[in-house]
Amino acid sequence: MEKHIGSCMCGDIEFCFESTPTNTLFCFCKECQALTGSDKWFGLWVPKDDLKFTKGTPTLYTRTGDSGNAVNYQFCGTCSTVLCAEVTAGNFYSVSATSLKNNQFDPKMSIYASSAPSWAAFPRDVPKFDIMPPGMNKK
Ligand SMILES: [Zn+2]
Ligand SMILES: [Zn+2]
């Protein structure tokens, strides 16, 4: 299997995973906008056990997601790059595609499109959902 390697901007934190993400998506929710300073987060869903931190220890920030379960963000305490968010409702990480050294994934859907700013540009030819599609964020 191919190894996907990612890091924060300053290089203090590195991680890797080998599995193919179960989903790849643009999330336009308000929290992702605040987090990225942009209109969206490009997340790769990686089963929790498949992601390993290989250098450094990320800092945690926890918020409650729409499901009522915790979303644990893991970011670099030095340069503030957000590397991934542990979605405890689904037992997976939403890994920042932007933090991969060689991202080869495309977004397969857009979610929380109803929260997107008016100037957001959605990728063509992929499904677009107003919120999280039902049943996706399984417990
Ligand atoms: Zn860093
Ligand atoms: Zn989001």
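Counting convention: from 1, in listed order, for ligands and their atoms alike.
Taking a 6.0 Å sphere around CD1 of I5, one finds it holds more than 12 heavy atoms contributed by other residues, nucleotides or ligands.
Checking side-chain atoms of T54 against main-chain N and O of E14 turns up a donor-acceptor pair under 3.5 Å.
Rounded to 10°, the angle that SG of C32 and SG of C27 form at the Zn ion (ligand 2) is 120°. An angle of 110° is found at the Zn ion (ligand 1) between C79 atom SG and C10 atom SG, rounded to 10°. Between the SG atom of C8 and the SG atom of C76, the angle centred on the Zn ion (ligand 1) amounts to 110° when rounded to 10°.
Judged by the 6.0 Å distance and 45° axis criteria, K40 is positioned over the aromatic ring of F26.
Checked against a 6.0 Å centroid threshold, the rings of F28 and F122 count as neighbours.
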